[in-house]
Protein chains: 2
Amino acid sequence: MTGLAASIERRNGVSLWRQIADRILQAIANGDFAENAALPPEMALAERYGVNRHTVRSAIAALVQEGVLKAEQGRGTFVLSRKRLSYPIGARTRFSTGLQGQTTERHIALLSSSTEPASRRIAEALGIARGAAVIRLETRGEADGHPVSRATTWFDAKRFAGIETAMAETGSITASLKRFGINDYLRQSTVLSARHADADDLAALDLQPGAIVLVTMSVNVTLDGQPIQFAESRFSAERVELRLSAND
Amino acid sequence: MTGLAASIERRNGVSLWRQIADRILQAIANGDFAENAALPPEMALAERYGVNRHTVRSAIAALVQEGVLKAEQGRGTFVLSRKRLSYPIGARTRFSTGLQGQTTERHIALLSSSTEPASRRIAEALGIARGAAVIRLETRGEADGHPVSRATTWFDAKRFAGIETAMAETGSITASLKRFGINDYLRQSTVLSARHADADDLAALDLQPGAIVLVTMSVNVTLDGQPIQFAESRFSAERVELRLSAND
DNA sequence: TATAGTTGTCTATATCAATAGACAAATTTA
DNA sequence: TAAATTTGTCTATTGATATAGACAACTATA
């Protein structure tokens, strides 16, 4: 709400430069800076946060490294990257259609797949016996070549044998399910949480350590309520916001 | 998914002990430990994360300070606190009814209120002129005496003059709106994001520095679609998860 | 062309974070 | 009771984090 303001805490296990970098990222994501706009000078930021100029420089260096900012000696420091993508969540959520108008190209890349026995949680969600075989897909959602989400998805192995091939070929869950005779489906429930990104998230989403991910756990069902898919998706909180609409 | 596993990153501005503390909190919130269950011994944790025992001890010390763990010399370290509250988000979300069954007592405390000119964003959300007077309420949602959420809410000052008094008296948005002739309302839209808690969040939600908050920005409307309220709410990601149901 | 404003680099110092090892203190188990 | 297990305390060392100050290099502007 207040842009670059909001204060900084000491001795909490998070370094000052990391906290300041987070605040700047937040401000950019909130749209407080236009693209190519100049950041306030280092001395001004140092004063605002009550830290040394070198500490601010560490924060800026990290963001330059990340490709978010560009510093020019004598001129100033400039914002390169854009606002957050707004990702809709609702009963009819689809990865590719959701981002229409915000990006031009999007697809889902299959990173790996395996078959494993269902844990209790997954068995419950899919309505199958605990320990029954499930197919696990590790995927990454990409828009305009940039990673947007990282998901782990489980399907009943009996009903959806070979879905990993369909995913690899089509790059789309919706298209893959069509091959199994499912022409429409709904998102039954979603549980939302947030945490620090782990090593896998960092690599897959091209994040800097310390980044935050939004986590959704969802169940998709056929129109008559039969569960078909359980998924845990991770989104970069810096790059994505989730939007819930009433009419969806 | 994998409980206490998930690895740890170095040189990223977030100290190892803070990262380990976060992982333990996550595992507890996920229900990987029963209440009063023993944490693995310090040496085992140190080995699992590839760090020195003293680093694990720092993480545990922080969580003991927070009241999440209790260490007993010679016996072990034990989990005190419970799973996350599951907070429903949907068209008919209400603070007090949402947590039914999970808590016994809940209300909203009014921290402060003020009148200010509407920013562009708030004017748009409420469908009033930019700069028109709006009432701003700073509130804290509490359940069983523990802080759950911290919210900032804006109302059209013309239509809802004196609503701060109603809030202070009733401790409920729903009850306050009734005094203005609004017997029912819907949540029109919600935008969800996450960030590190700022100083205000830390104080209001009784969090440790470095904690993550889930942020929702929502617009409530009357049944015929007239906007009445714009709100930004912050929830502790450690203590709360947000649940989206299809039939809501 | 000065001058002011800005980022870049260097040196120095103090504190925090992390590692390492040793042993004490308390509890549980054989 | 003795041994094993576990948390608590202490000392020492290293590297990362943060502060402080000075000055160089570059840009825009009066």
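Values in this document were obtained by computation on a predicted structure and should not be read as measured data. Atom set for the values below is all heavy atoms of this structure, side chains included, hydrogens, waters and symmetry mates excluded.
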Subject >> Audit row: Arg195(B), Glu238(A), side-chain contact (heavy atoms from CB on, under 4.5 Å) steps and yes/no >> reply: CA-CA 8 Å; Arg195(B) 59 170 170 77; Glu238(A) 282 159 18; over 6 Å; no

Name the atoms and distances for all side-chain donor-acceptor pairs under 3.5 Å in residues 37-47 of chain A, with sequence neighbours left out.
unit_1, atom_1, unit_2, atom_2, d
Glu42(A), OE1, Arg53(A), NE, 2.7
Glu42(A), OE1, Arg53(A), NH2, 3.1
Glu42(A), OE1, Arg57(A), NH1, 3.4
Glu42(A), OE2, Arg57(A), NH1, 2.9

If you look at every heavy atom in [X] and [Y], which pair is closest and at what distance?
| X | Y | result |
| --- | --- | --- |
| Trp154(A) | Glu232(A) | CZ3-N, 4.3 Å |
| Ala204(A) | Pro147(A) | O-CB, 3.5 Å |
| Ala21(B) | Ala59(B) | N-CB, 3.7 Å |

Closest to the [X] side chain, choosing from [options]:
| X | options | value |
| --- | --- | --- |
| Trp17(B) | dT6(C), dA17(C), dT19(D) | dA17(C) |
| Arg57(B) | dA18(D), dG8(D), dG8(C) | dG8(D) |
| Thr55(B) | dG8(D), dA18(C), dT17(D) | dA18(C) |

Euclidean distance, atom [atom1] of residue [X] to atom [atom2] of [N] [Å, nearest integer]:
| X | N | atom1 | atom2 | answer |
| --- | --- | --- | --- | --- |
| Met43(B) | dG8(D) | CE | C1' | 15 Å |
| Leu45(A) | dT19(D) | CG | P | 14 Å |
| Tyr49(B) | dT19(C) | OH | P | 14 Å |
| Leu39(B) | dT5(D) | CG | C1' | 16 Å |
| Glu42(A) | dT9(C) | CD | P | 11 Å |
| Ile20(B) | dA18(C) | CD1 | C1' | 10 Å |
| Glu47(B) | dT19(C) | CD | C1' | 16 Å |
| Leu16(B) | dG15(D) | CG | P | 16 Å |

**OP:** Encode nucleotides 21-30 of chain C as B, S and - characters from 5' to 3', where the letter depends on protein heavy atoms closer than 4.0 Å: B to the base, S only to sugar-phosphate, - to neither.
**Re:** BB--BBBS--

Original post:
Who passes salt bridge (charged side-chain N to carboxylate O under 4.0 Å, His left out) against Arg130(A), sequence neighbours left out?
Top reply: none

Subject >> Sugar-phosphate, base or nothing in reach of Ser58(B), heavy atoms under 4.0 Å >> reply: nothing

**OP:** Using a strict 4.0 Å threshold on nitrogen-to-oxygen distance, state whether Arg140(B) and Asp206(B) make a salt bridge.
**Re:** no

